[in-house]
Structure formats: C-alpha cells, structure tokens
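Input: a single structure, listed below in structure tokens.
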Amino acid sequence: MSAGLLFASVGVILFALGAAGVLLIGHLLRRILAFNVMGSGAFLVLVGLAQRNGIADPVPQAMVLTGIVVAVAATALALALVRRLYALTGKIELPQDDEG
Amino acid sequence: MMVWLILLPLLWASFAFLLGRGRGVWLAMAGLLAQLWLAYTLAEEVVASGVAMHAVGGWGAPLGIDLVADGLSAAMLLLTQCIALPLAVYARAYFKRDDPAGTYFWPLVGFLLAGLNALFLSADLFNIYVTLELLGLAAVGLVAAGGGAQQITAALRYLFATLVGSGAYLLGVALIYGAYGTVSITTLTPLITAEAPDLVWIAGGLMMAGLMLKTALFPFHFWLPPAHGGAPAPVSALLSAVVVKASFYLILRLWIGPFSSLTVAASLVVWLPALLGTLAIFWGSYQAIRAERLKMLIAYSTVAQLGYLFLIFPLLASAGALQAGIMQAFAHGLAKAAMFMAAGALIKATGQDMVAGLAGVAERMPVTLFAFGLAGITLMGLPPSAGFLAKWQLIELALSQQHWIIAFVVLVGGLLAAVYVFRVLRQAFLLAPASSVMTPVPRMLEWTAFVMAAASILLGLRGVELMQLVGVT
Amino acid sequence: MKRLLVVLGAACFVVLLIGAMLDLAPAGIALHAAVSANLPSSGVEHPVTAVLLNFRGYDTLLEIAVLLLALIVILAVGIDSTTDVRPAASPVLQALARLAAPLMIVVAVYLLWAGAFRPGGAFQAGAVLAAAAVLLHLAELLPGWQSPGARLRLGLAGGFLIFLAVGAGLLFQGALLEYPPEQAGWMILLIESGLTVSLGLILAGLFLLLSRDDGDRS
C-alpha cells in the first residue's frame, strides 16, 4: 500500500466517523466538529487517491485548498447559527420533535 | 454571453451589500430583468444552433472548466429567472422597512441566483460542488435571517442536511478523480463504461445519495417542512420552487451523462428513485392533509410533488421522459411559488397562520384566493394547466412501457393533492366570524401571486416550445 | 437502535470503499503533465497557484463568493446581545501581541509575493492577516466589530469585485478569465493583492463579528 493509498484509507475512515458523528451526536458544537472531520476525510481521499502512484498532482491540491475555504465558510455560518440559538433558547442541542 | 447569467447576479449582490442594510432593490430588479432576457436569448440560441459551450480561461476541459448550455440547462435557467423576477417584486412589497428578515435579503438572493445559474451551466464535477455550497449556504442564510428560535432551528437542520449531502457528493467526486484523473463531465461520459471498477459504482451511489438528501426525497425529507414552512413567504417560495430542483437537475444530469452506462447495466437500480418517489407522494400528501398550519401544508405538498419528478427514472429509456420531468418541474415551480406567495398574503391579512383561521378570506381577498386556486389546479393536474400536461405525459409514457403502477401512482397522487387543496379552499369560503379583523395587504402581493399562478396554467397551452427546448442535447 | 444501524452502516461502508480503492488501475488522464506543459504561459511559476488562479480560477472566484456570503449571513442572522464577562488580558499577552502583529503583516505580504514561486498566495496571506487581527482582539487591543460601516464593507467586498472586474473585463477579448500570457503575471498579482486584503478582513470578520463586546463602529 503506497503512501497515497494510506492517506486515502485514513480519509475514508475519517469521513465515515464524521458522517456518523453528524447523524448521531446531539450537541451542536460537536456536530460541527464532526462535519469538519468528515470534510477533512474527503480532502484526504482527494489528494491521497489521486497521487497514489507517487507523482505530485497540483490539481487535487488546488481543489482541496478551495474545499478548505468552503468548509471554513460553512463552519463559520454554522457557528453563528448555533450561537444565535444559544442566545435565544439557552440550549445547545436541537429540539427532538420535527414538527415546526 | 451565458457567462453574464453568472456574473450579473454576483455583481448586483456585491453592490447590494456595499450599499448597506436593506438597500439594493432597484439594482436587483434591473439585474433580474437583464438575466431574464439573457436566459430567453440563450434558450432561443440553443434551439437554433444546438448546445452552446464556453471554456473558462480559454483552456478547455479537462485542464480548465467548461460551461455547457444544452436544452436541459437552458430550460432550468429559464425557470429560475422566470420565478425570480415576480418574486423580487413580491418580496419588495412583503418586507416592511427594518424587518430583520429583509435587511440582507437582496445580497443573499443575488448569491443564491448566482449559485443556481452557475450550477445549471457547469460541466465540471468539482465546480458543481462549489456551486452547490454557494447555493446551500445562501438558502440556509435566507431561512435563518432575522428569525427567532424556531427559524434558526429549522435553518440548522437544513444546514446539517445540506452539508452531509455535499460532503457525500464531494467524496464521490474525489473517488472519480482518483479513478479517471479528470472531473470534467464531457470528458468522463465516454470513459465510464459498464465495466467500470467497483469504486465508480460507490462514487455514483454516494453522489446520488448526497443529491437526494438535498432534494428532500423520502426518506431524506425531514429537513424540508420546518425550513420551508417556517421561513418568510418569499424565501419559502424561492426554496420550494427552484432550490430543490437544482439538486434534482444534477441527479438527472449525472444519470443521463457520466453514469448512463451504469444505470443501463443495472436495470433494477432505476426503480429505487421511483419507489422513493411513490413513498414521497403518499407520505407528503398524507402529512399535508393533516397539517394545521397553512405553510406546513404547502411545504408537505412540496415533499409530495417532488416525488413525481423521480417517477421518470424507469421511463428514461424512451424519448419524452426528460420532457415530462422538466414540465413537471416547471409546473410545480410556478404553482408552488404562487401558493407560497398567496399564503404569505393570506397570513399577513388574517394575522395568523392556521388553516382553520382562513374563514372569510374568499370575500375579502378574492384575487389571492383565486391565485391559490389556480396553483392548486396545476398541482392536482387538471387541464389545461402545465401540471396536467406533465402528468398526462407521464401516464402516456408509463402505459407505453407497460409500467401500469406508475400511471396508477400519478392518478392517486392527483386525487390526494385535490384533498389538501380543497381543504384550504373550503375553509376560505366559510363565512368569517364576526370578531375577525383583516388587515389590508399591498396589492403587489396579490397580483404577483396571481401572475405566477396564471403562468403555470398558461404554460400548459404553450408546452410545445418547452419540449422542443429540452430535446436539444 | 438508530445508533447501531448507523455505526454498522459506516463500518461496512469503510471496508467496502477501502477494498475498492486498493485494486484500482491507474487513471487514464494525467493532468499534472498538462499543468506542467502550460505553466510557462500561465503567468506564475508554481503549479498549484497556476491551477488556483489561472486554469481553475473560476472555482476560486466562486469560492470567494461563498466566503463573502458566509459573512453576509452572519450579519443577517444577527448577533446576540449577551455581554460575556471576560477576564482582562494580561500585559504579557498585550506586549506579545504588539510585537507579533506587525511581524505577521510582513509575513503576509511575503506570502502573497512568494505565492508565484512557491507555496503561498492570497489565501495563506489573508489567513495570516486575519490571525493577526484575532490575536490583537484576544489581547483586547482591537475591539470587536458591529455592523460594518461603508469603508469596511468596501474592504470586505473589494477583493471579490476586483476579481470579477478583471475576469469580466477579459471577457470582451476572449473567454472569461482568459489572461493574455504576457500580462497574466501582473494581473494575477493584482487579483491576489485585492483578495489578500479582502480575505483578511472577511476571515477576521467571521471571528470579530461573532465575538460580541462593546466595540466601536469602524
């Protein structure tokens, strides 16, 4: 297993961990962290799998840079919403019922 | 030329932000008019000279990013701009001064439209991911803007759903790049054959699942009713009419493009979307019939109507299935926007949002109710509306391919839609209790809703040109 | 029950995917060769910067839009009015911040310039600038931001508008963002400079707008 494939495999594990976290965890801050883990997993797969034969490829590297910025934007947005929810309700989990 | 469909909304959104809080209406209107004209000329050009392409940066795929406008993209662009312009007029009248939900409405809507237009034109899988994020975050922002605890909760649910969806999509793109070394749709389509490695199947599944989550297909629909039901009426209209259609467009694009060999090879897989669509129709209609709040009723109706779109997947073998799907998208888009706009006016007038509180509306606000009724006709699929045209095509295709069950589902769905539409109409025709007070609402709210609803009916009479447009591939 | 299903599903997914990745044939298309071949006419010497700002510059344009959008959403959602009581910053931290901030600005300018030849560029420089702002804020030398005034809004959206203007301007003599090879270098530098300032402000704003305290309007 080359270095690239190793990174990619770790990326898959991180992605699954993160996705499971977003789905199962109730605490909103931890859910946001899980989302970041999920995103990092996808980025690892992108660079690892593409460069599994040892040749450096700038295209996936640039794509990951773009992806990181997008993830930062999404995280900031999520944090702002969580902060607002906390200020309004004092809770940091979403209510259980789905009917609005 | 098509590039301006993306650049214009980016420009006026940024300038609207520069101008300050609550400003930017006229910029937006001018921009939207120009965009509508551009979308129309693009559609004409596509019908006349076939698929249009623009290689951004001059490099061309797979090194650069290509923008491609075929019939499907041109149709979706047309739908988006056609809904956006009347909606802008409606929103201007809807948001009072200093309404916190309206302060940053114009920049947010501008970025949303830019994301939509960029998505419909893009022929690059990773670029599509960026446009999906632009679209998703703008939509979440519009739902959350200026809202209280309930709106913020709905926005957070929507945000997590959309982020998981794009995350799955991104992983799929990463796998495709690893397997083929490119993310350009035009380059990939001939490369992915039925003998593709397992990885490509997994990638396809991930991307489809992520996009289905974003389209709120059953059972991934949990986030839609609170978000669409809780947001301000212009936002709900935009989300239900156009934003959910964007991810559906992507599913179609991937299905008939890069993954076409895979879907042909595994013939049973086409029934999964149809099954989920059927469940969506029944579950959504059931919840709409039970809903007590008007906007929740309409939101659940969206869940149900989106199910029709997924019924076309087993029928894609024959020509005309694509046209039926797009006609349904158009019909639902126009009608649902009209419904939410009418609901917004009704809620403002009666001061409450329950269906039961609509008594007396028929005599005080006839235009609005008429708009709601016309929209209902489209959703039920009665002639001569566009909804009827779409359902008729669906049934015809289903019967010609001997899939009786699909025709049956379409008919039953129409009946169920009638139940919840008539629920509202019946309530509205009751006499108002003596104690009720109705505040007058700006005329613009009623008339834009009416225009949108009338458009959904009239489209049924002029459907041929739309079919012709979609047929260009 | 749901917990069990999700965990099992995730585990199966991991095993399946890693298995599929392990016996994957090499990819048919090698984009790195195309990048190296076109690098001389791209205006920069580092392949990643070339991809980011030239070959796939359109992605970068949209990504800046996403970042600006996130800031606007934060403004639209509204900032809560709780004033948390924070312990006063220690004088050691303040002295350190006063020393570090100018150095960080110099580093940012260097990163911007170096991006043409080695890893660096607008994002890295903007991030360092934003970090300097956050450091100053944590040392209580820079107040938090409230609703941005006209000049700040111009700074926030300016980089994006410069990028749009250059890209759209090029539309009249070719495709979107199609830099003429001889002028690509300084055009990219111009865009990156604008982006550095804007990105620094946007990223700082993402923090400073959420960190509510009695800031004055800027």
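Here is the naming used below: chain letters follow the sequence lines, and residue numbers restart at 1 for every chain. Treat the numbers as computed from the prediction; the structure is a model and nothing was measured.
With a threshold of 4.5 angstrom between heavy atoms, B:Phe17 approaches chain C through its backbone and through its side chain. With a 4.5 Å cut-off on non-hydrogen atoms, B:Pro197 touches chain C through its side chain but not through its backbone. Using a 4.5 Å cut-off between heavy atoms, C:Ala30 does not touch chain B at all. Of the two parts of C:Leu62, the backbone and the side chain both hold a non-hydrogen atom closer than 4.5 Å to a non-hydrogen atom of chain B. Within the 4.5 angstrom heavy-atom criterion, atoms from both the backbone and the side chain of C:Leu154 approach chain B. Both the backbone and the side chain of C:Phe55 come within less than 4.5 Å of a heavy atom in chain B. With a threshold of 4.5 angstrom between heavy atoms, C:Ala70 does not approach chain B through any atom at all. Only the side chain of C:Leu24 has a heavy atom closer than 4.5 Å to any heavy atom of chain B. B:Ala55 touches chain C through its backbone: at least one of N, CA, C or O sits under 4.5 Å from a heavy atom, while the side chain does not. Of the atoms belonging to C:Ile74, not a single heavy atom falls under 4.5 Å from chain B. Looking at B:Leu18, the atoms closer than 4.5 Å to chain C (heavy atoms on both sides) sit in the backbone and in the side chain alike. At a 4.5 Å heavy-atom cutoff, B:Val143 makes no contact with chain C through either its backbone or its side chain. Contact of B:Leu135 with chain C is not made at all, since no heavy-atom distance falls under 4.5 Å. No part of B:Leu142 comes within reach of chain C, as not one of its non-hydrogen atoms sits under 4.5 angstrom from that chain.
Interface check for chain B: of the options C:Ile29, C:Leu164, C:Leu177, the most heavy-atom pairs under 4.5 Å are formed by C:Ile29. Heavy-atom pairs under 4.5 Å with chain B peak, among C:Asp23, C:Leu75, C:Val66, at C:Leu75. Note: C:Asn54 leads C:Asn54, C:Leu68, C:Val77 in heavy-atom pairs under 4.5 Å with chain B. The choice from C:Val51, C:Ile72, C:Leu170 that makes the most heavy-atom pairs within less than 4.5 Å of chain B is C:Ile72.
The environment of C:Tyr110 atom OH is sparse: at most 12 non-hydrogen atoms of other residues, nucleotides or ligands sit within 6.0 angstrom.
If you take CE on B:Met2 and CG on C:Leu176, they are separated by 11.5 Å, rounding to the nearest 0.5 Å. Note: C:Ile64 CD1 to B:Leu10 CG = 11.5 Å, rounded to the nearest 0.5 Å. In this structure, CG on B:Asp124 lies 4.0 Å from CZ on C:Arg56, to the nearest 0.5 angstrom. Distance CD/B:Glu133 to CG/C:Leu69: 10.5 Å, rounded to 0.5 Å. Atom CG of C:Leu22 is separated from atom CG of B:Asp198 by 12.0 Å, given to the nearest 0.5 angstrom.
Residues C:Leu171 and B:Met1 form no side-chain contact, since every pair of their non-hydrogen atoms from C-beta on lies 4.5 Å or further apart. A 4.5 Å side-chain heavy-atom check between C:Val73 and B:Tyr104 finds every atom pair outside the cut-off. Looking at C:Phe13 and B:Leu206, their side chains come closer than 4.5 Å, going by heavy atoms from C-beta outward.
Scanning both residues, B:Gly181 and C:Ala27, for their nearest heavy atoms gives N-CB, 3.6 Å.
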